Amino acid sequence: MLRQAERIPASSEFWHFAALKFLKLAKSNALRGQSERDYSDVQVIVPTFVHAQLFLKAIAAELDENFIPPRIHTLFALLQMQLPDAAMPSVASSSERLMGLYAELRQHAWLKKLFTARRNADLLPLAQTLLALSDELTQALLPSVGQDKSAMEKDWKAALAQLPPPAQNLLSDESQLVWSVWQSQIDDSDGTVQRYKNLLRLADDANGELFWISPTA
C-alpha cells in the first residue's frame with residue numbers, strides 16, 4: 001500500500017523527525033509483522049550510507065533502549081543486489097556512446113555547415129552536448145520511453161510550443177536534430193532505461209515494507 005508522503009523541512013533536526021515518523025508508523029502497526037523493537041523486516045532507503053548512521057543514531061536516541069534495526073540501503077546498493085536480467089543487453093559505456101554518435105555525425109556534411117564546424121573533430125563537442133540532451137529527454141519522458149512513441153512526440157512538440165515563435169523558428173533545425181539523435185540513441189542498452197526497468201523489477205519482487213527517505217519530492 002502506498003502511503004502519503006511526509007515532508008520534513010531541512011534543518012539540524014531532520015533525522016530526529018525522520019526517526020519519529022518511522023517509529024510512529026511502527027507503533028501504529030503500519031509496519032506489519034514487527035515485534036516490539038524489531039524492525040528487521042523493514043527496508044529503508046537513504047540517499048547515502050552516511051545518512052544510514054544518522055538515521056540509526058536518531059532512532060537509538062528516541063528509543064533509549066536496544067532494538068533490532070531495519071535493513072538500510074541506498075537505492076544504488078539495492079539495485080546492485082538484484083540478480084542480473086539475462087534478457088537485458090550490456091549497458092553502453094559513455095565513451096562507446098560518444099564515439100558511436102561522433103562517427104554518425106561525421107557522415108552528414110550539412111551538420112558541419114549548420115554548426116560552422118571546420119573539421120570533423122569540431123563535431124565532438126556537439127556529440128557530447130547531444131548525448132547530454134538525450135539523457136535529459138530520457139529522464140523527462142519516463143515512463144513512456146519504449147512504449148508509446150506518438151505520445152512521446154506529442155509531449156515533445158507541446159514543450160517546444162511553449163517557446164516564443166521567434167525562438168521556435170530559430171531552434172527548428174536544432175530541435176529536430178536533438179529529437180532525431182535521441183530516437184537513434186534510446187534502446188535497452190541505455191543506462192537510464194535499464195535503471196528504470198530494474199526499479200520496476202524491484203517493485204514487482206517486493207514482499208515487505210519500504211520506508212524511503214528521499215532528498216527530493
Side-chain angles (χ1 to χ4, degrees), residues 2 5 7 43-52 71-108 111 115 123-163 171-208 210-217:
L2 184 63
R7 287 174 170 75
Q43 292 270 15
V44 177
I45 293 180
V46 292
T48 72
F49 281 116
V50 172
H51 299 125
R71 291 169 291 155
I72 305 180
H73 304 280
T74 64
L75 182 58
F76 175 79
L78 202 57
L79 289 173
Q80 289 295 103
M81 290 168 63
Q82 281 183 305
L83 292 174
D85 185 349
M88 280 192 184
S90 300
V91 174
S93 66
S94 298
S95 57
E96 181 184 351
R97 295 176 65 210
L98 179 60
M99 290 299 101
L101 180 57
Y102 172 59
E104 183 179 340
L105 295 180
R106 290 178 57 182
Q107 305 303 315
H108 303 287
L111 279 174
F115 293 96
L123 294 174
L124 192 58
L126 174 62
Q128 293 173 316
T129 300
L130 288 172
L131 283 180
L133 290 173
S134 293
D135 289 342
E136 289 185 22
L137 261 180
T138 303
Q139 290 278 6
L141 293 175
L142 285 173
S144 303
V145 173
Q147 297 180 19
D148 190 343
K149 290 186 177 181
S150 60
M152 288 191 298
E153 188 165 6
K154 183 178 179 181
D155 290 342
W156 169 251
K157 290 181 177 179
L160 292 178
Q162 301 300 313
L163 297 172
L171 297 175
S172 59
D173 290 337
E174 287 85 347
S175 62
Q176 185 57 48
L177 175 62
V178 169
W179 181 253
S180 299
V181 167
W182 178 75
Q183 286 186 310
S184 71
Q185 291 290 310
I186 195 69
D187 57 28
D188 284 344
S189 67
D190 182 89
T192 302
V193 171
Q194 284 205 16
R195 183 175 182 272
Y196 179 71
K197 289 185 175 181
N198 285 332
L199 281 170
L200 294 181
R201 284 205 298 138
L202 194 65
D204 288 340
D205 295 338
N207 57 4
L210 175 68
F211 190 81
W212 191 321
I213 302 175
S214 173
T216 62

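A quick note: this is a predicted structure, and the numbers were derived from the prediction, not measured. Below, all heavy atoms of this structure are taken into account, side chains as well, without hydrogens, waters or symmetry copies.
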Rounded to the nearest 0.5 Å, how far apart are CD of Gln107 and OH of Tyr102?
10.5 Å
Applied to residues 71-80, the side-chain hydrogen bond (donor to acceptor under 3.5 Å, both in side chains) test, sequence neighbours excluded, yields Gln43-His73
Looking at residues at least two apart in the chain, or sitting in another chain, which of them share a side-chain contact (heavy atoms from CB on, under 4.5 Å) with Thr129?
Leu133
Close side-chain approach of Arg195 and Leu75, heavy atoms under 4.5 Å:
yes
Is there a side-chain contact between Leu124 and Arg106 (heavy atoms, below 4.5 Å)?
no
More than 12 heavy atoms of other groups within 6.0 Å of Phe49 CZ
yes
Sub-3.5 Å donor-acceptor pair from the side chain of Gln82 to the main-chain atoms of Leu78, do we have one?
no
What residue pairs, at least two apart or across chains, pass side-chain hydrogen bond (donor to acceptor under 3.5 Å, both in side chains) with a residue in residues 130-139?
Arg97-Asp135, Thr138-Trp182
With sequence neighbours excluded, what pairs up with Ser94 under the side-chain contact (heavy atoms from CB on, under 4.5 Å) test?
none
Show me the donor-acceptor pairs within less than 3.5 Å that the side chains of residues 198-207 make with the rest of the protein, sequence neighbours left out.
residue	atom	partner	partner atom	Å
Asn198	OD1	Arg201	NE	3.4
Asn198	OD1	Arg201	NH2	3.1
Asn198	ND2	Gln194	O	3.3
Arg201	NH1	Leu83	O	3.3
Arg201	NH2	Leu83	O	3.1

For Ser189 and Ser90, work out which heavy atoms get closest and say how close.
CB-O, 3.5 Å
Go through the structure and list residues passing side-chain contact (heavy atoms from CB on, under 4.5 Å) with Leu105, not counting sequence neighbours.
Leu101, Leu111, Leu123, Leu126, Ala127, Leu130
For Ala52 and Ile72 the tightest heavy-atom approach is CB-CG2, 3.5 Å
